[in-house]
S.K.: 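Pasting a structure here, questions to come.
In the text below, chain A, chain B and the rest are named by the order of the sequence lines, each starting its count at 1. No hydrogens, no waters, no symmetry mates; every other heavy atom, side chains included, goes into these values.
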Protein chains: 2
Amino acid sequence: MTNPPLSRKRATGRCTLSDVARLAGVSAITASRALRGIRGVDAELADRVRAAAKQLNYVPDPAAQALASARSNNVAVLIPLLTNALFVELLEAVQRKLMPAGFQTLIGVTHYHPDEEEALLQSYLAHRPAGLLVTGLDRNESARNMIAESGVPCVHLMETTVAAGMYSVGLSQHDAARTLTEHLLAQGRRRIAYVAGQLDPRVLQRRSGYEAALRQAGCYDASLEILDPTPTSMALGGRLFERVLKAHPDVDAIFFCNDDLAQGGLLAALRMKVAVPGQVAIVGFNDLAGSDQMLPPLTTIRTPRAEIGTQAASMLLALIRGETVATPTVDVGFELVVRQSA
Amino acid sequence: MTNPPLSRKRATGRCTLSDVARLAGVSAITASRALRGIRGVDAELADRVRAAAKQLNYVPDPAAQALASARSNNVAVLIPLLTNALFVELLEAVQRKLMPAGFQTLIGVTHYHPDEEEALLQSYLAHRPAGLLVTGLDRNESARNMIAESGVPCVHLMETTVAAGMYSVGLSQHDAARTLTEHLLAQGRRRIAYVAGQLDPRVLQRRSGYEAALRQAGCYDASLEILDPTPTSMALGGRLFERVLKAHPDVDAIFFCNDDLAQGGLLAALRMKVAVPGQVAIVGFNDLAGSDQMLPPLTTIRTPRAEIGTQAASMLLALIRGETVATPTVDVGFELVVRQSA
DNA sequence: CTGAAAGCGCTTACAG
DNA sequence: CTGAAAGCGCTTACAG
């Protein structure tokens, strides 16, 4: 008893839609419709199909679905970095919203590199994603065109100003930084440094909010801006803190562009026995994990990234369904969190 | 001049392999072979095909490729958490290795939930991934069977002990913890607490290494083990530090199962004016960002997660190619980093 | 409400 | 070394 020749067959062995249809005693198309919950299938037949699918442990082949329907259940999400807790929390919120809706996320990390972003975009777009979530508005023309020409619904994360026909969920980095700087001014600080790493567009928007507040108060001094292109870290914050105090002993406050820098600055102050906020007030940005544990606890801006993720995902879902989105630009705001460092 | 009726057509408008083949003046199969770099295509034809593809900006349809070949260029990676920097660094290393080899990573976050892991596994396996990377060895039978039955090459991350026919890259959590505990003993510490959150298998393996060292020294005391199921964080570390000192004022060292807890403990000590290491020595585990910035800098175990990612990805690549892997279990080791907290 | 036919864009298995 | 045919597992577009 030899097996029949299989050379001609290419079946993969997995259970297919026709298997389900056969077991349910209907055609493949009816099974497909029943499983997709398309109205207009006899209720009893639909039940039989679902039961058959369950019994056979049927899982549809995503590749076949994508090929036949020219759509997929993927949503591509492009973020700059995974090593910044901000984006991780954003991502988690996005997934919590998208997964129950039946979508899978393809996560792409651009490392703030336009070329990497373009490559990821090309590769992900080839997968016919149902939607696209990208960070910020800064990208080269080629990338912008790829998005536009793909026709894939796209929501921009983190920022608010957007051109016509674009969608975004974020907050005004400028206004938040301005509010924070005004808080320092209200405490009587006048020699306020802006210390930044990882000079991405949002970091520069914060800088401009800082400048606006200081100009209005008449105490803007460009030499107090320390802009370092290195990725942010606690270690960098410590180093920059030392550098600022050495170069400008009269500084009475430091605005770190991100909480990790500020945490490093706070620890350096402790090490150097610089009184905070006595001699120097310190503020951060984003309210990351640990900032409330510092000594003294860090005054900062809380950015609602989970809400950004949730709202952006909802908006994208609406766009995917073809609905009209009434407010294409959602501003989720920010919160000044005053603790003891300033 | 009306357009010809298109109702019958389902073409998606994108440029296909036949377009490339036509432009190059060859058949689709030859074009396919040329583009895939399959030997046995006339060099001149292959050149023409590549030129045509470039000219048309041809990007192959991954869905069609997957359907026709029953394989994809996806590698699914399952990790417990994205909020633990350890896994993020692991992931980055994996991607750095896999992307240049032409593979895309599907990242799944299990949140330490067997059910979530099973659901992700089912969904990812449906995509016929070329390979699978999973964290740890602890999973229910159903998940293990899914992996085995899928026939997809799989490498286990983080741990070393593995059954026959399985592959893994990691380190002995037990031995690392034991080494660290012995360091504390060598400093003359005897009342050493083990403080843990997020009681995953690796945290428990560390506990057993800790216990082994203490038993051998004759000073194991089970009441000094504080096991809290909550996810780890600096805030939790601070709270547990207080709790330990209150309940056991005679404790002379604390082994925190993860650096974020230890960092929180260190800051709590500063707040409570408990001398470290004078009154209490503190050690962490993993050597995460910021630990070297603490006051005092944290003594800890450096776990080479980037190397785990790189090696696991290489091993997986070999398995995908069908090669025999000589050492199915790679132990990347660990490093005791003695700083000033112990 | 249901189904037979055709097709999505590739690759496999043959044949030459 | 090259190609015509068939097929991967679904869904679309028609027809009834």
S.K.: Given D/dC10, D/dA5, C/dG3, identify the nucleotide with an atom nearest to the side chain of A/Ile29.
M.R.: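 Selected nucleotide: C/dG3.
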S.K.: Hey, does the side chain of A/Thr30 come within less than 4.0 Å of C/dG3's phosphate (OP1/OP2), counting only N and O?
M.R.: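 Checking A/Thr30 against C/dG3: at least one side-chain N or O falls below 4.0 Å of OP1 or OP2.
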S.K.: Whole angstrom is fine here: how far is it from CZ in B/Arg22 over to P in D/dT2?
M.R.: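 For the pair B/Arg22 CZ and D/dT2 P, the rounded distance is 19 Å.
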S.K.: Checking the side chain of A/Thr327 only, and the main-chain atoms of A/Thr329 only, is there a donor and an acceptor separated by less than 3.5 Å?
M.R.: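 Looks like no, no N/O pair under 3.5 Å.
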S.K.: Can you tell me the distance, in whole Å, between the CG atom of A/Leu67 and the C1' atom of C/dG9?
M.R.: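 Nearest whole value for this atom pair: 5 Å.
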S.K.: Rounded to the nearest Å, what distance is computed from the CD1 atom of residue A/Ile38 to the P atom of nucleotide D/dT11?
M.R.: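 Value for this atom pair: 8 Å.
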S.K.: Would you indicate, yes or no, if D/dG9 has its OP1 or OP2 atom less than 4.0 angstrom from a side-chain nitrogen or oxygen of A/Gln65?
M.R.: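 So the side chain of A/Gln65 is outside the cut-off, no N or O lying under 4.0 Å from OP1 or OP2 of D/dG9.
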S.K.: Tell me, please, which residues at least two apart from A/Arg22 pass salt bridge (Lys or Arg N to Asp or Glu O under 4.0 Å).
M.R.: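 Result, salt bridge (Lys or Arg N to Asp or Glu O under 4.0 Å) vs A/Arg22: A/Asp19.
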S.K.: Quick check on DNA chain C: between B/Ser32 and A/Ser27, whose nearest nucleotide comes earlier from the 5' end?
M.R.: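 This one resolves to A/Ser27.
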S.K.: Can you tell me which residue pairs pass the side-chain hydrogen bond (donor to acceptor under 3.5 Å, both in side chains) test with a partner in residues 52-61 of chain B, sequence neighbours excluded?
M.R.: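 Pairs touching residues 52-61 of chain B that pass the test: A/Arg128-B/Asp61.
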S.K.: For a quick test of your reading: what N or O donor-acceptor pairs under 3.5 Å do the side chains of residues 115-122 of chain A make, sequence neighbours left out?
M.R.:
residue, atom, partner, partner atom, Å
A/Glu116, OE1, A/His111, ND1, 2.9
A/Glu117, OE1, A/Arg139, NE, 3.2
A/Glu117, OE2, A/Arg139, NE, 3.3
A/Glu117, OE2, A/Arg139, NH2, 2.8
A/Glu118, OE1, A/Asn140, ND2, 3.1
A/Glu118, OE2, A/Ser142, OG, 2.6

S.K.: Does B/Arg71 put a side-chain nitrogen or oxygen below 4.0 Å from OP1 or OP2 of C/dT12?
M.R.: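 The answer is yes; a side-chain N or O of B/Arg71 sits under 4.0 Å from OP1 or OP2.
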S.K.: Nearest-Å distance, CZ (A/Arg36) to P (C/dT2)?
M.R.: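 Whole-Å distance recorded here is 14 Å.
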S.K.: Could you work out, with salt bridge (Lys or Arg N to Asp or Glu O under 4.0 Å) as the rule, every residue matching A/Glu92, not counting sequence neighbours?
M.R.: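 Partners of A/Glu92 under the salt bridge (Lys or Arg N to Asp or Glu O under 4.0 Å) test: none.
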S.K.: Of all of residues 55-63 of chain B, which get a heavy atom below 4.0 angstrom from DNA chain C, listed by number?
M.R.: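 Those residues whose heavy atoms fall under 4.0 Å from DNA chain C, taken from residues 55-63 of chain B in numerical order, are B/Tyr58, B/Pro60, B/Asp61.
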S.K.: Between P on C/dC8 and CG on B/Asp19, what's the gap in Å once rounded to a whole number?
M.R.: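 For the pair B/Asp19 CG and C/dC8 P, the rounded distance is 11 Å.
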S.K.: Atom NE2 of B/His127 and atom C1' of D/dC8: how far apart are they, to the nearest Å?
M.R.: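 Spelled out: NE2 on B/His127 to C1' on D/dC8 is 16 Å.
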S.K.: To the nearest Å, how far apart are B/Arg33 CZ and C/dC10 C1'?
M.R.: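 Rounded to the whole Å, the gap is 13 Å.
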S.K.: Please determine if a side-chain N or O atom of B/Arg48 lies less than 4.0 Å away from the OP1 or OP2 oxygen of D/dT2.
M.R.: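 Checking D/dT2 against B/Arg48, no side-chain N or O comes under 4.0 Å of OP1 or OP2.
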S.K.: Applying salt bridge (Lys or Arg N to Asp or Glu O under 4.0 Å), can you list everything that pairs with B/Glu149, at least two apart in sequence or on another chain?
M.R.: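 With neighbours one apart ignored, the set is empty.
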S.K.: Salt bridge or not between A/Asp42 and A/Arg33? Use side-chain N to carboxylate O under 4.0 Å.
M.R.: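 No salt bridge links A/Asp42 with A/Arg33.
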S.K.: For a stem of at least 3 consecutive Watson-Crick or G-U pairs with distances under 3.5 Å, i pairing with j, i+1 with j-1 and so on, which stems involve DNA chain C?
M.R.: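 Looking at DNA chain C, the stems formed by three or more consecutive pairs are C:1-3 with D:14-16, C:5-12 with D:5-12, C:14-16 with D:1-3.
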S.K.: Looking at the side chain of A/Ser69, which of C/dT11, D/dG9, D/dT11 is the nearest nucleotide?
M.R.: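 Closest of the options to the side chain of A/Ser69: D/dT11.
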S.K.: Sorted by first residue and then second, give each salt bridge (charged side-chain N to carboxylate O under 4.0 Å, His left out) pair with at least one member in residues 98-111 of chain B; sequence neighbours left out.
M.R.: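 Checked against salt bridge (charged side-chain N to carboxylate O under 4.0 Å, His left out) - neighbours excluded - no pair reaches residues 98-111 of chain B.
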S.K.: Decide side-chain contact (heavy atoms from CB on, under 4.5 Å) for B/Ile320 and B/Phe103; before the verdict, give the C-alpha distance in whole Å, the side-chain angles of both, and the deciding distance to 0.1 Å.
M.R.: CA-CA 11 Å; B/Ile320 290 173; B/Phe103 290 93; 4.0 Å; yes
S.K.: Taking the minimum atom-to-atom distance to the side chain of B/Thr16, which one of D/dG3, D/dT12, C/dG9 wins?
M.R.: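 Out of D/dG3, D/dT12, C/dG9, the nucleotide with an atom closest to B/Thr16's side chain is C/dG9.
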S.K.: Can you list the residues that meet the salt bridge (Lys or Arg N to Asp or Glu O under 4.0 Å) rule with A/Glu323, with sequence neighbours excluded?
M.R.: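 A/Glu323 satisfies salt bridge (Lys or Arg N to Asp or Glu O under 4.0 Å) with A/Arg321 only.
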S.K.: In this structure, how many angstroms lie between the C1' atom of C/dG3 and the CG atom of A/Asp42, rounded?
M.R.: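 Distance, rounded to whole Å: 14 Å.
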S.K.: Under 3.5 Å, is there any donor-acceptor pair linking the side chain of B/Arg128 to the base of D/dG9?
M.R.: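 Donor-acceptor pair under 3.5 Å: no.
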